[in-house]
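Encoded as structure tokens, the structure appears first; notes follow it.
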2 protein chains.
Amino acid sequence: MGDVREIRLCILGFGHVTQRFCELVRDREGVLAREHGVRFLVTAVGTGTHGSVVDRAGRTPAQVLAQFRADGDRFPDDERDGTDLIGASGADVLVESTPLAHGGRLAITHIDAAFDAGLDVVTVNKGPIAWDYRRLRTRADGEGRRLRHEGVTMDGCPVYNLAEFCLPGDRIIGFRGVLNSTSNYVLDAMAEGASQQEAIAEAIDAGFAETDPSYDLEGHDAAAKVAALANVLLDADITPDAISRDSIAGLTQSDVAQVLSYGRRLRLIGEAHRDEDGEVSAQVSLTPVRSQDPMYWVTGTSSCLVLETELAGTVEIVERDGLLTQTAYAIYADLLTIARAL
Amino acid sequence: MGDVREIRLCILGFGHVTQRFCELVRDREGVLAREHGVRFLVTAVGTGTHGSVVDRAGRTPAQVLAQFRADGDRFPDDERDGTDLIGASGADVLVESTPLAHGGRLAITHIDAAFDAGLDVVTVNKGPIAWDYRRLRTRADGEGRRLRHEGVTMDGCPVYNLAEFCLPGDRIIGFRGVLNSTSNYVLDAMAEGASQQEAIAEAIDAGFAETDPSYDLEGHDAAAKVAALANVLLDADITPDAISRDSIAGLTQSDVAQVLSYGRRLRLIGEAHRDEDGEVSAQVSLTPVRSQDPMYWVTGTSSCLVLETELAGTVEIVERDGLLTQTAYAIYADLLTIARAL
């Protein structure tokens, strides 16, 4: 593997995840060249409120990160939006990591702009996969573009790649899982006696929850993940808005105590199943589970997905204690999967 | 995908697993042609004591199975051994499914003969992977042959394919798992009050154990699986004989009762870890585990493997209630993975 191929990246969204991704690359430049024959160069970065930069000559992720931090967490330019940056970047791959908002509309615009300009795409923004997967997949396949999204559901834990590469000839019939850490943390804290207010404050303190956790508590995040999984794994064409959804906002101590008295725990379970006609039903529901159920043992930032398949039977995947590095790894892995196919 | 490629198989060992594999193919001939562009034909089958058959024109797995059953579970010819059959078969792929014996020596001979004749190999016999993996892998890579073995450890549940395809750029540092159903069944039956004798009789009745279960109870099977996993996932070069191993043969009711009184269960845990110098330590040890440990919940024919990785963190894979179909699927999946790369 004497030749080292340069892969040029346009990064949109420069929060904790993409910054950690830059660190992963920085710490592995030698391995990437030696073992994978690739070198990642950044030709553009765009952010919502921290400026942007274009450098078609390309900078290493290490350089980009160092400059950003040296300049007080800012890039120099404020003018261009994501679509302009993609066009100007001359990149090979768009790394889409903008914050999720409005059904992923911004990220979807970016991905379309990337395909327009002939770029492959890695997204850790779940919006496009939850709201618009079928159209984007059809477009990518039709135009010979790659669209990878391992990080949108269980951080760096293999889910989509597992289904694509490890279950050839098999068919996934359904899945269920605990997919949202914030709501799970709140349920466990309440099971230990906290009020919902206290549990939420704890979750924010521990770094598990946003200052406004309603998106998580009302099941929106879980529904988006269920939609993404159903669209990819079950060939569904649904959006999160079509998924019936329990909220744990407003759950009281006495609700939780009653479940505990039966030796169970409450879990916000996301699930979907395909019937024999190919119809997919999906829901997010607050469910008391027994200790025999793997969902019972999903705590902290862990997540669990149980796949029901026709031939491989029941396969469970658990990510224990997923953190920032795991989500950053999803980008890293997806880029290497693209590099392998180039 | 208008063209359908014929893939010719030489099957050695025609027990339950390969018979079920033939059924899987029989029931999916249309899908295989349409979606995968392949058609499997059997050009030779060899067994230890049920005869053999060579037909270079090729027969469908359905035809082979029907004839075998019509003829009272026999093939016509008794003359040729496996190596001769491989040479005479004109096949593209050897499916190695002979019984494990003598450190897999027979299966290793078959795989070498297959490589000599230019065949790719799918094995569900763990011997070659546990005892001679590094040499066989080096040979396969050097000669451009494929050697696939998903079925040697957790039936059809993705383990080796997961590591190969879903963790690019990551490194597995260690693993631990419950990998042997028979010993696990006996431990659970004893925990419910059975003597070891009674537990073994139960396990045989339930179809979990061989008439002579000592290979399982003494930890040999788990050690072979640990060696296979360590050789492939941790780049070790060890054999099962080098793995320290606890036996549960001779365990008494009072041993089990004592553990139970602490709220734990006994599990025969197989594990291996790589230190910073690349040294691999591996063992099979009888361990009391708490209910928070995923191993606690592995019962019946389930198995569980926890991978510690550098970047994806801790990833757990559980196969729930693996049966014959799952092991047959491992062959099916490995053949499709080979077909995809052809």
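For clarity, every value in this text was computed on a predicted model and none was experimentally measured. Below, read A as the first sequence line, B as the second, and so on, with proteins coming before strands; counting in each chain starts at 1.
Side-chain contact between B:Leu9 and B:Leu41 is absent, with no heavy-atom pair separated by less than 4.5 Å. Taking 4.5 Å as the limit, some side-chain heavy atom of A:Val289 sits within range of a side-chain heavy atom of A:Ile269. Taking 4.5 Å as the limit, some side-chain heavy atom of B:Val38 sits within range of a side-chain heavy atom of B:Leu336.
Of the listed residues (B:Pro294, B:Cys166, B:Cys304), the greatest number of heavy-atom pairs within a distance under 4.5 Å of chain A belongs to B:Cys166. Annotation: maximal heavy-atom pairing with chain B below 4.5 Å, among A:Val31, A:Val306, A:Leu167, occurs at A:Leu167. Highest contact tally toward chain B, considering only A:Ala328, A:Gly156, A:Cys157, A:Gly313, is held by A:Gly313 [criterion: heavy-atom pairs under 4.5 Å]. Of the listed residues (A:Ile317, A:Val315, A:Leu311, A:Leu162), the one with the most heavy-atom contacts under 4.5 Å to chain B is A:Leu311.
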Step by step, work out the side chain to side chain contact (heavy atoms under 4.5 Å, CB included) result for B:Val17 and B:Phe21. CA-CA 6 Å; B:Val17 170; B:Phe21 161 74; 5.6 Å; no

Decide side chain to side chain contact (heavy atoms under 4.5 Å, CB included) for A:Leu94 and A:Val122; before the verdict, give the C-alpha distance in whole Å, the side-chain angles of both, and the deciding distance to 0.1 Å. CA-CA 6 Å; A:Leu94 166 66; A:Val122 170; over 6 Å; no

Evaluate side chain to side chain contact (heavy atoms under 4.5 Å, CB included) for A:Val95 paired with A:Val124, printing each intermediate quantity in order. CA-CA 8 Å; A:Val95 176; A:Val124 286; 5.8 Å; no

Report the C-alpha separation of B:Val93 and B:Val121 in whole Å, then their side-chain angles, then the decisive distance to 0.1 Å, and conclude whether the side chain to side chain contact (heavy atoms under 4.5 Å, CB included) test is met. CA-CA 5 Å; B:Val93 186; B:Val121 173; 5.8 Å; no

All inter-chain donor-acceptor pairs under 3.5 Å (chain A, chain B):
residue: A:Phe165; atom: O; partner: B:Arg340; partner atom: NH2; Å: 3.4
residue: A:Leu167; atom: O; partner: B:Tyr329; partner atom: OH; Å: 3.3
residue: A:Pro168; atom: O; partner: B:Tyr329; partner atom: OH; Å: 2.9
residue: A:Leu311; atom: O; partner: B:Gln326; partner atom: NE2; Å: 2.8
residue: A:Thr314; atom: O; partner: B:Arg320; partner atom: N; Å: 3.1
residue: A:Glu316; atom: N; partner: B:Val318; partner atom: O; Å: 2.8
residue: A:Glu316; atom: O; partner: B:Val318; partner atom: N; Å: 2.9
residue: A:Glu316; atom: OE1; partner: B:Arg320; partner atom: NH2; Å: 3.3
residue: A:Glu316; atom: OE2; partner: B:Arg320; partner atom: NE; Å: 2.3
residue: A:Glu316; atom: OE2; partner: B:Arg320; partner atom: NH2; Å: 3.2
residue: A:Val318; atom: N; partner: B:Glu316; partner atom: O; Å: 2.9
residue: A:Val318; atom: O; partner: B:Glu316; partner atom: N; Å: 2.8
residue: A:Arg320; atom: N; partner: B:Thr314; partner atom: O; Å: 3.1
residue: A:Arg320; atom: NE; partner: B:Glu316; partner atom: OE2; Å: 2.3
residue: A:Arg320; atom: NH2; partner: B:Glu316; partner atom: OE1; Å: 3.3
residue: A:Arg320; atom: NH2; partner: B:Glu316; partner atom: OE2; Å: 3.1
residue: A:Gln326; atom: NE2; partner: B:Leu311; partner atom: O; Å: 2.8
residue: A:Tyr329; atom: OH; partner: B:Leu167; partner atom: O; Å: 3.3
residue: A:Tyr329; atom: OH; partner: B:Pro168; partner atom: O; Å: 2.9
residue: A:Arg340; atom: NH2; partner: B:Phe165; partner atom: O; Å: 3.4

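Only the side chain of B:Leu24 comes within contact range of chain A, with at least one heavy atom under 4.5 Å from a heavy atom of that chain. For a residue to count as touching a neighbouring chain, one of its non-hydrogen atoms must lie under 4.5 Å from one of that chain's; by this rule A:Leu335 does not touch chain B.
Across all their heavy atoms, A:Leu234 and A:Ile172 have their closest contact at CD2-O, 3.3 Å.
Separation of atoms CD1 (A:Ile129) and CG (A:Leu229) is listed at 11.0 Å; rounding is to 0.5 Å.
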